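Worksheet: the structure to be examined is printed underneath.
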Amino acid sequence: MLHTVNKSPFEKNSLDTCLAHAKEGSAILLIEDGVYGALNGSKMTAQIQQAMEKFTLYALGPDLKARGIADKVIDGVKVIDYAGFVDLACENDKVQAWL
Amino acid sequence: MLHTVNKSPFEKNSLDTCLAHAKEGSAILLIEDGVYGALNGSKMTAQIQQAMEKFTLYALGPDLKARGIADKVIDGVKVIDYAGFVDLACENDKVQAWL
Amino acid sequence: MKFTIQVSEGPYNHQASDSAYQFAKAALEKGHEIYRVFFYHDGVNNATRLTTPPQDDRNVVNRWSALAEEHNLDLVVCVAAAQRRGIADADESKRNGKDADNIAPGFRISGLGQLIEGGIQSDRLVIFGD
Amino acid sequence: MKFTIQVSEGPYNHQASDSAYQFAKAALEKGHEIYRVFFYHDGVNNATRLTTPPQDDRNVVNRWSALAEEHNLDLVVCVAAAQRRGIADADESKRNGKDADNIAPGFRISGLGQLIEGGIQSDRLVIFGD
Amino acid sequence: MGGDVKKFMYVNRKAPYGTIYALESLEVVLIGAAFEQDVSVVFIDDGVFEIVKGQDTAGIEMKNFSNTYKALEMYDVEKLYVSKDSLEERGLTEDDLIVDVELKTAAELTALMEEQDVLLSF
Amino acid sequence: MGGDVKKFMYVNRKAPYGTIYALESLEVVLIGAAFEQDVSVVFIDDGVFEIVKGQDTAGIEMKNFSNTYKALEMYDVEKLYVSKDSLEERGLTEDDLIVDVELKTAAELTALMEEQDVLLSF
């Protein structure tokens with residue numbers, strides 16, 4: 001299953017709840033304000049790095065660039081574009097949006 | 001100054017930020033989904049009770065009733081109606097909305 | 001006391017417009033003055049006369065129009081926010097080359113300066129949003 | 001692969017409609033099929049032809065209409081959600097006793113069953129909201 | 001995709017009244033029931049507040065739709081799940097809820113979600 | 001209320017692009033500048049992301065309005081405050097910001113807010 005998260009983890013609990021309910025090995029894609037979860041050196045970073053032992057973390061490049069944080073992404077987070085998002089939605093059997 | 005908070009503290013950081021920036025002695029009014037902050041026995045309750053040593057906490061009765069939690073309010077939270085909200089807005093020199 | 005009220009969300013989707021309405025009604029009942037209600041962000045969507053809510057629910061738009069009529073309220077819709085979201089009166093519709101308008105009775109479209117002026121002229125600004 | 005896309009927020013106020021559009025465009029470019037785009041909640045506000053966004057910004061509504069035209073997309077607006085928020089086509093306008101309609105080209109108003117059917121008939125449902 | 005019947009899960013994570021998502025989610029569930037799919041509804045995070053007993057909306061002049069959850073059974077929507085963690089964090093118990101539900105741990109909810117064909121988020 | 005000039009503070013707490021509040025807040029600040037009030041702008045929580053350097057919105061086809069913050073000075077809007085806590089929690093420093101700001105502790109922000117006549121929330 002592909003999980004999408006579009007909320008900033010500094011503001012809302014969506015990423016937390018996603019991490020608590022996604023199955024080990026799942027793909028989690030951060031989009032829109034959700035990409036702030038991929039920010040390196042923040043108070044969330046340790047939690048995200050820990051989650052990356054269990055999940056594959058993706059972040060949408062166009063959203064990172066819009067927000068000026070494309071060069072501040074946690075190592076190991078895979079940056080993809082909209083075409084990559086479509087590919088992920090195909091490769092996984094379903095998509096769960098954590099709003 | 002009167003502070004209003006309309007977000008559930010289980011979901012968003014608005015109440016946290018309000019508590020961090022309101023001056024000691026301020027009035028804080030919980031409205032809409034913000035009234036869940038007045039819920040007794042929740043994981044937020046201890047934090048709210050601590051805040052009540054510094055602030056006066058109000059909650060909008062019509063919003064508590066709508067959500068079925070009017071009889072589950074933390075002791076000491078003052079329950080008011082829309083007329084009471086208007087009075088608070090008059091008694092305080094300004095109103096800050098934490099959205 | 002003189003209030004300006006800002007409504008930042010559209011009808012039904014968020015409670016902001018409901019809360020603002022109840023606050024305004026309570027203030028008027030207490031004899032206070034509502035200097036202006038300013039509709040900003042998605043709040044401009046409160047100003048369409050094309051809504052048809054279910055019979056057993058409140059009619060958010062009509063309720064504002066009726067309150068404005070009864071108390072001679074100044075309901076101002078931000079023009080820039082309205083253009084983005086498709087709220088237009090006859091003038092705006094013509095100016096933007098549209099073939100229809102949708103503004104509800106009692107609302108008028110004007111600039112953001114009306115919000116600032118509300119802040120200057122009123123004793124209190126009270127904001128309802130998301 | 002066959003996609004149904006749900007858009008749950010209106011234009012400009014949230015990025016949901018932008019993200020859905022970029023996803024739809026990318027899917028079509030890869031040769032996938034968009035079975036339906038379903039507009040729900042405030043998402044119905046994407047379907048008004050009365051918007052006039054600033055010249056230097058994207059036109060969210062026109063972009064959907066153009067994509068629908070080019071790829072023969074089925075853009076469906078939930079009727080119940082549309083009634084609450086003031087989105088109407090000629091039929092809805094007449095049925096509800098309104099004097100205007102505001103639906104944009106390429107959109108059609110229909111029931112929630114169209115969303116369920118999208119879920120049944122498509123390989124993937126992808127939701128963009130708030 | 002498994003033939004004619006798909007497994008649909010409605011995931012409710014938002015409180016009622018502050019926003020419309022809870023109500024409009026319920027409207028989808030009711031319409032969806034006519035399609036004879038395998039339907040389940042789950043309440044997580046503030047979604048558990050949707051089914052709290054004793055809601056009285058007279059003071060906010062909004063429509064009280066909480067009784068409609070009780071009608072779901074008549075529509076053959078019988079699989080109602082609640083996040084045990086979310087309920088406990090809010091100091092609530094099953095007795096506070098307007099309908100009979102099954103409490104599920106996060107791990108159980110994970111397994112249930114994985115079984116689905118279509119997940120709708122509200 | 002203190003005569004003709006009031007103290008207006010714009011409180012920005014939301015990230016740009018995900019929602020429109022940051023952009024429409026900036027539009028109010030620009031219009032408000034013509035009214036010759038005493039204006040200040042504060043960035044708290046995700047609001048600090050509004051003024052992060054290097055924003056490039058080509059890929060999302062939205063208007064990049066970040067350079068407009070640099071123009072605020074020309075409109076005599078010179079009091080720009082940033083929550084020190086919010087900036088640090090996000091791993092950012094003043095060097096990451098597109099405009100010169102004053103970093104303020106929570107206590108300092110409290111004092112600044114108390115001085116205001118009108119607070120606008122975005």
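If you're wondering where the values come from, they're calculated on a predicted model, not measured in any experiment. Naming: A, B, ... by sequence-line order, numbering from 1 per chain.
- The greatest number of non-hydrogen atom pairs below 4.5 Å with chain B, out of E:Asp56, E:Val52, E:Thr19, E:Thr57, is found for E:Asp56.
- Along residues 68-81 of chain B, the residues that come nearer than 4.5 angstrom to chain E, judged on non-hydrogen atoms, are B:Gly68, B:Lys72 in order of number.
- There is no side-chain donor-acceptor pair under 3.5 Å between E:Glu108 and E:Tyr81.
- Closest approach of B:Ala66 and E:Gln55 over heavy atoms only: O-CB, 3.0 Å.
- Between B:Thr45 and B:Leu39, the closest heavy-atom pair is OG1-O, 2.9 Å.
- In this structure, the side chains of B:Cys18 and B:Ile28 come closer than 4.5 Å at one or more pairs of heavy atoms.
- The side-chain heavy atoms of B:Ile48 and B:Phe55, taken from C-beta on, include no pair separated by under 4.5 Å.
- Shown are E:Val11, E:Val99, E:Asn12; of these, the side-chain contact (heavy atoms from CB on, under 4.5 Å) with E:Val41 is made only by E:Asn12.
- With a 4.5 angstrom heavy-atom cutoff, E:Leu92 touches chain B only via side-chain atoms.
- Residue pairs meeting the side chain to side chain donor-acceptor pair (under 3.5 Å) criterion with at least one member in residues 28-38 of chain B, sequence neighbours excluded: B:Asn6-B:Glu32, B:Glu32-C:Ser19, B:Asp33-B:Arg67.
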